[in-house]
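All values below come from the heavy atoms of this structure, side chains included, with hydrogens, waters and symmetry mates left out. For ligands, and for the atoms within them, numbers begin at 1 and follow the listed sequence. Numbering starts at 1 and runs along the sequence shown.
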Amino acid sequence: MKQLILALDVMDGEKAMEIAKKVAEHVDRIKVNYPLVLSAGVGIMKRLSEIKPVIADFKIADVPYTSSLIARIAFENSAESVIVHGFVGSDTLREVCRVAEEFGGKVYAVTELSSPGGEEFMSAVSLKIVEKAKEAGCHGLIAPSTRIERLREIRKAAGDMEILCPGIGAQKGSIEAVKYADGIIVGRGIYASGNPAEEARKLRRVLKI
Ligand code: XMP
């Protein structure tokens, strides 16, 4: 079953809870990022996890020890998975996976960012990142819906690793991404609309997921 994942980048905890409750029946997981966690506090992850599993998108990108601390904080606060940058290399990837394993959690590695800047440096190494992420024991990858030809390549290299794709909606990613992805991540297209529940429901229909 392919998933629809809400990227909840609002900056008010109560607003986040209100949107999460409204869209709950139409989304499979909720992804939190710095805007919400730095505004509302790390405790917001536990509250949201009572509604849907939470992906902590901290795009971890540090030396192994510091990265392990960040991952630990995420899992101790009820995250079911974390996102780590792939460009950090094998040692950090392995260390984050080791912490995830302690909690029965999952790790997704960013291959190349969906934004145009992702092409400047990351596209050149993203297939190598796939390899390193697989070797390190990552459960899945984050890959762009905004560059379908790259996504197709990443899918080929990824084998049976899970792929989550951001970019549909505000970043004008292609809905064709659903062919190659296991999950579609949408933020502004849902939470910034007048009716988030209805938008999420419509998206599921359009994406046929
Ligand atoms: P929007 O509002 O653009 O939100 O639908 C997308 C969400 O996904 C994050 N994002 C990414 N995360 N790799 C990632 O790991 C990416 O290439 C990428 N592009 C967008 C973004 O931070 C937001 O939370």
Nearest protein heavy atom to [atom], by residue and atom, and its distance?
atom	answer
atom 10 (N) of ligand 1	P166 CB, 3.8 Å
atom 17 (O) of ligand 1	S114 N, 2.6 Å
atom 23 (C) of ligand 1	D9 OD2, 3.1 Å
atom 3 (O) of ligand 1	R188 NH2, 2.8 Å
atom 20 (C) of ligand 1	Q171 NE2, 3.3 Å
atom 12 (N) of ligand 1	K59 NZ, 3.0 Å
atom 9 (C) of ligand 1	K31 NZ, 3.6 Å
atom 13 (N) of ligand 1	I142 CG2, 3.4 Å

Side-chain ion pair, [X] and [Y], N-O less than 4.0 Å:
X	Y	result
D182	K2	no
E131	K134	no
E199	K202	yes

*Let me know which of E18, H26, E25 forms a side-chain hydrogen bond (donor to acceptor under 3.5 Å, both in side chains) with K22.*
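The option that passes is E18.
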Counting from 1, what ligand 1 atoms have a heavy atom of [X] closer than 4.0 Å?
X	result
A7	7 (C), 24 (O)
L113	13 (N), 16 (C), 17 (O)
N33	22 (O), 24 (O)
E112	17 (O)
D57	9 (C), 12 (N)

*Closest approach of L4 to A200 (non-hydrogen atoms, all atoms of both residues)*: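 Closest heavy-atom pair between L4 and A200: CD2-O, 3.7 Å.
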*Would you name the heavy atoms of C97 and C138 that are closest together and state the gap between them?*
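Heavy atoms only, the tightest pair is SG-N, 3.5 Å.
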*Is the shortest N/O to N/O distance between Y191 and ligand 1 below 3.5 Å?*
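Checking ligand 1 against Y191, no N or O pair falls under 3.5 Å apart.
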*Would a distance-only check, ignoring hydrogens and angles, find a side-chain to backbone donor-acceptor pair under 3.5 Å from R188 to A170?*
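Looks like no, no N/O pair under 3.5 Å.
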*List, by chain and number, the other hydrophobic cluster members for L141, where Ile, Leu, Val, Met, Phe, Trp and Tyr join if side-chain heavy atoms come within less than 4.5 Å, directly or indirectly.*
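L127, V130, I148, L151, I154, M161, I163, Y180, which link up through side-chain heavy atoms under 4.5 Å apart, make up the rest of the cluster.
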Could you list the donor-acceptor pairs under 3.5 angstrom formed by side chains in residues 76-88, with sequence neighbours left out?
{"residue": "N77", "atom": "ND2", "partner": "I73", "partner atom": "O", "Å": "2.9"}
{"residue": "E80", "atom": "OE2", "partner": "R29", "partner atom": "NH1", "Å": "2.6"}

